[in-house]
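Reading through the structure tokens given below for one structure.
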Amino acid sequence: MTMKQEIPRTYEPGKYEDDIYALWEKSGFFNPDNLKLPKNAKAYTIVLPPPNITDKLHLGHGSIIAIEDLLIRFHRMKGYRALYLPGTDHAAIATQNVVEKKLLKEKGLTRQELGKEKFLEEVWNFLRVTQATILQQARKMGGSFDWSREAFTLDDQRKKAVRKMFVDMYDAGVIYRGERIVNWCPRCKSTLADDELEYQGQKTKLYTFKYDKDFPVSIATTRPETKLGDTAVAVNPKDARYKKLIGRTFSADFLGVPLKIKIIADRSVEKDFGTGALGVTPAHSMADWKMAEDNGLEAIKVIDENGKIKNNFGKFSGLAVVEAREMIVAELKKHALLEKEEEIENNLSVCYRCGTAVEPLPSKQWFVAVDKKLKRLGNKSLKEKALEAAKKKKIKFIPFRFTKRYLDWMTNLHDWCISRQIWFGHEIPVYYKGEEIYVGEKPPKGPGWAQDPDTLDTWFSSGMWTFSTLGWPTSVKTSAGKPDKIIKTGDLAKFHPTQVLETGYEIITLWVSRMVMMSLFAVGEIPFENVYLHGMVLDSFGKKMSKSKGNGINPIDMIDKFGTDAVRLSLLIGSTPGNDMRLSEEKIASFRNFVTKLWNIYRYMATTYPDFKLVDKLDKKHIKTAADRWIVSRLQETVAGMTKDLDDYKFSMAGEKLQRFTWDDLADWYLEISKVEKNKYVLGYVLTYVLKLSHPFMPFVTEKIFQDISFGKKVLMVEKWPAADKKLIDKKAEKEFKNLQEIVTQIRNLRASYNIEPNKVITAYAKNEKHKEAVEKLARVNIFVAKSTGKVVVLPDFELDIADVIDVEKEKEKIKKNITLLENTIRRSRELISNKQFMDKSPKEVSNRALASIAYNEKELKEQKELLRNLN
RNA sequence: GGAUCCUUAGCUCAAUCGGCUAGAGCACCUCGUUUACACCGAGGGGGUUAUAGGUUCGAGUCCUAUAGGAUCCACCA
């Protein structure tokens, strides 16, 4: 029985992947505590951005895991205490919405009909299924997650953390209850965050009218019904028409409803829109609320939580907003108050879930104050500290340009409304008894207390993700003397702050910014050092893959077809940070081919040498031929280049270098030469390195090969990442080998142009026997040493004279031309410096530039001259 | 209204500080089963880097403008 029969011709991922994953899990090395490392080994932590449990993963998530696991495996091999922490997000509103829809479709019931308790049961039944699917998919992607630390944003530990966070923030005065304008969905009976709104372009009517006959100013509005609650009219301070009126207060009788209207000035009012005067309704417009605050105006509520006009508005009371609008317009017409009715286009804010028009309403909600100065933050606010972190580059964005988006958003940040009127989510640890309020992690003792019925915005808990997963709050202590000083213990001390947060650029504002503030408050430090932003994975039509569109590709289908390694490679190579990428099956297939190539490189080596071994360190005595020196040199260059690329987050470039080396250099050239110049030590050495370098990109096939060769004695996942040995980089050997390659290529060219079949052996004559066997094998020629020429192909001394293959005279002419050009350029630069006539530029700038030019061109000149010498 | 990105081969994308003949994969054309691999090998065609200017010894890369495409934020009385 020979090895040959044991190794199949193609690598079959489906056959091995689950076993390999099980082997990794069994090894225990996913848990950094089990890594055999020196005590001072640095930690390298990435927390998986927890996927929403609303649905299974799509390829976008696949890309997240491919990138993060690449970083984790790379650093684990480099000797870091690498922790990749998995988990899922309860995604409060989104999940409740999915389940609500499902419920309606399957059972025809609304959540109200089912009741809170039963409904939540439905939610949990639903999420247990999706959650299990997600975690299984994450395993299939090959993510080296520490499953012992797995977390869920709504599990018991996280609930405890959230309660503690809320209470701490409340005690510090950061969380407060206040009345603010919120986006209210009258159908869902819940507030919506700004980012939960959708905008619909619509045509609507703009009405110009006066409150009553005697009112001095006409105003324009699209929502006459809200004008029942007007307390001011705002005009532009520079508007000459109204200047005299500013500051005066008028009484008006608006269709039977008495109003007191003050004329105020506000820069945001455009003179040219409508009449240039705007009725201010503080209770039903965000902008008006702000004006009211600035001018000390009263806010009169007109519309209630059901979208109806409140009781104290005479005949309009109890009407739905649309009815009220029609009636008011009719009345205005009747009393000849309506001056103009025109059609305009504007945007209507609607609920992203149900499409109902959103009503801005004042409502009692819980808020996080972002501008409150905090003692524990050196008397700075959360906003200030979060801005500082990015400005001082304590948090670096990759690519850098996203820093601006973060800073812009953070600068304009308002207090964050964190309460939501939905059932599924973190309960708010606030209890009421009559007028009394109790805020605490545990319910107060005694009867009559009722907990706040609202739940928390989902980002409140996911904002705590970096530290709530690392044992907070039990992993912090405060010293007795300094209550604001935070001492980290346990996992938090070991793994926080994390090194990289890898996420999509679309949630910089929603998530990244919140994490920064939450971490600054709770732990007193930034949550991560780097924010790597991947682009979106688009389908082959360039459309965003999303659950709602149903065009998300299930990575498992692709894995079944092509293997995890191919899927990972296709997500890593050809994609750059911050830029979207299209993904097609063809692309994945081409990387499957690369995996097969690697497999066959191994297959050749293992079948050719029955005692084939891995070689970690190559004894120099085994480097014999020029080809050996060349492949070792190219390998070391690849090691150095890939390491630098990975350190710089240039995954695609590192992957391409790997592919170039493995396929072009190793498979196409060295392996072919090794068929005549047999050297199993160098083969073993090169393969060992290739396996290590490939592992973070394609963990399964590399581990499989490694296991087979080493008979399961070691695990590739925890092998040392190779350090580049620059001494083995041999430019001379590379040049020499390039000559050999050129000769072989030229012969192949001649063969093609003479229509000689590739496998027909032809005769060639050479001036010496250098590389006779290698060239014979690669170019399929028989070489005879002879001085004369005149046969099919002449192979002279390969180092210098390849006259009959390359047109030397033409080459020489080209180089001579180049040399003249370069010499002229250098002379001109020198003249420039000595003349010191610089037009409008500074002498320093010009001479620096000229010096750089001289340096570059002299280097070029030297190379060209050497080339010319070689040809002569 | 403010901001950001993109436009490179038929397609999908690279190209590091401005520096060698602008590179890959797929597709295409010619030849070939040769004991690692047809999921392969050898060879080949295909580019005015959106357009017009500018800076520079040198521009896909920097600046200005134009055209087309995408995204984010704000506002929408």
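Convention: sequence-line order gives letters A, B, ...; per-chain numbering from 1. Owing to the predicted nature of the structure, the values given are computational and were not obtained by experimental measurement.
- Atom OH of A:Tyr604 and atom P of B:C40 are 19 Å apart (whole Å).
- For the OP1/OP2 pair of B:A14 and a distance below 4.0 Å, the side-chain nitrogens and oxygens of A:Thr576 include at least one atom meeting the criterion.
- No donor-acceptor contact under 3.5 angstrom links the side chains of A:Ser575 and A:Asn579, judged on distance only.
- Atom-to-atom, CG of A:Leu407 to C1' of B:C72 comes out at 15 Å; the value is rounded to the nearest Å.
- Here the separation of B:U33 from B:A42, taken at their P atoms, is 16 Å to the nearest Å.
- With A:Leu297 as reference, A:Ile264 is the one residue of A:Asp230, A:Ile264, A:Ile261, A:Asp288 to meet the side-chain contact (heavy atoms from CB on, under 4.5 Å) rule.
- Cation-pi geometry between A:Arg748 and A:Trp669 is met: under 6.0 angstrom from the ring centre, within 45 degrees of the axis.
- As judged by a 4.0 angstrom heavy-atom cut-off over every strand, A:Gly279 is placed among residues making no nucleic acid contact.
- Looking at the side chain of A:Arg828, the nearest of the listed nucleotides B:U4, B:C13, B:C57 is B:C57.
- Between the CZ atom of A:Arg592 and the P atom of B:C26 there is a distance of 11 Å, given to the nearest Å.
- Within the model, atoms OG1 of A:Thr745 and NZ of A:Lys738 stand 11.0 Å from one another, a figure rounded to the nearest 0.5 Å.
- Scored by the salt bridge (Lys or Arg N to Asp or Glu O under 4.0 Å) test, A:Asp266 finds no partners at all (sequence neighbours excluded).
- Remark: A:Lys675 is in phosphate contact with B:A36, judged by side-chain N or O atoms under 4.0 Å from OP1 or OP2.
- Considering only side-chain atoms of A:Arg405, the nucleotide from B:C76, B:C37, B:C72 that sits closest is B:C72.
- Ring centers of A:Phe402 and A:Phe397: at least 6.0 Å apart, outside the cut-off.
- Taking atom CD on A:Glu672 and atom P on B:U34, their separation rounds to 14 Å, with Å as the unit.
- When heavy atoms are screened at a 4.0 angstrom cut-off, A:Thr10 is found touching base atoms of the nucleic acid.
- Here the separation of B:U7 from B:A14, taken at their P atoms, is 8 Å to the nearest Å.
- Note on A:Lys597: a base of the nucleic acid sits closer than 4.0 angstrom, heavy atoms only.
- Here A:Ala234 lies out of heavy-atom contact (under 4.0 Å) with every strand.
- The residue among A:Ser349 and A:Leu666 whose nearest nucleotide of RNA chain B lies closer to the 5′ end is A:Leu666.
- Environment of NZ in A:Lys680: crowded, with over 12 heavy atoms of neighbouring residues, nucleotides or ligands closer than 6.0 Å.
- Rounded to a whole Å, the CD atom of A:Glu585 is 14 Å from the P atom of B:A27.
- Between B:C39 and A:Trp663, no contact under 4.0 Å exists linking OP1 or OP2 to a side-chain N or O.
- Among the atoms of the strands shown, none is found under 4.0 Å from any heavy atom of A:Asp408.
- Taking a pair as Watson-Crick or G-U wobble with both distances under 3.5 Å, RNA chain B forms stems of 3 or more consecutive pairs at B:1-7 with B:67-73, B:10-13 with B:23-26, B:28-32 with B:40-44, B:50-54 with B:62-66.
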Atom pairs under 3.5 Å: protein N/O with N/O of nucleotides 16-19 of chain B:
residue: B:G19; atom: O2'; partner: A:Tyr856; partner atom: OH; Å: 3.3

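- Between A:Trp599 and A:Arg9, every side-chain heavy-atom pair lies at or beyond the 4.5 Å cut-off.
- Of the P atoms belonging to B:U61 and B:U16, the separation is 12 Å, rounded to the nearest Å.
- Only the P atoms considered, B:C28 is 23 Å distant from B:G23, to the nearest whole Å.
- Regarding contacts with the backbone of B:C37, a side-chain N or O of A:Arg9 is found under 4.0 angstrom from either OP1 or OP2.
- Of the candidate nucleotides B:G43, B:C57, B:A14, B:C57 has the atom lying nearest to any side-chain atom of A:Thr825.
- Using P as the reference atom, B:A50 and B:G10 are 13 Å apart when rounded to the nearest Å.
- By the 6.0 Å and 45° rule, A:Lys704 stacks over the aromatic ring of A:Tyr16.
- Under 3.5 Å, the side chains of A:Glu339 and A:Ser218 contain a donor-acceptor pair of N or O atoms.
- Comparing A:Gly578 and A:Asn412, the nucleotide of RNA chain B nearest to each residue sits closer to the 5' end for A:Gly578.
- Residue-level contact check: A:Thr509 touches neither bases nor backbone, having no heavy atom under 4.0 Å from any strand.
- Distance from the side chain of A:Arg401 is smallest to B:U4 among B:G25, B:A42, B:U4.
- When heavy atoms are screened at a 4.0 angstrom cut-off, A:Thr596 is found touching base atoms of the nucleic acid.
- Comparing the C1' positions of B:C6 and B:U49 gives a spacing of 13 Å, expressed to the nearest Å.
- Base orientation of B:C17: syn, since the glycosidic angle falls within 90° of 0.
- Atom NZ of A:Lys675 has more than 12 neighbouring heavy atoms from other residues, nucleotides or ligands inside a 6.0 Å radius.
- Look at CZ on A:Phe594: it is 13 Å from C1' on B:A24, rounded to the nearest Å.
- For the P atoms, the distance linking B:G58 with B:U21 amounts to 15 Å, nearest Å.
- Between the CG atom of A:Leu569 and the P atom of B:C26 there is a distance of 14 Å, given to the nearest Å.
- Counting to the nearest Å, the P atom of B:A24 and the CD atom of A:Glu656 are 10 Å from each other.
- Between B:A15 and B:A59, the distance separating the two C1' atoms is 13 Å to the nearest Å.
- A donor-acceptor pair shorter than 3.5 Å can be found between the side chains of A:Lys227 and A:Thr281.
- Counting non-hydrogen atoms under 4.0 angstrom, A:Ile826 reaches nothing in the nucleic acid.
- With 3.5 Å as the limit, one finds no donor-acceptor pair spanning the side chains of A:Asp664 and A:Tyr670.
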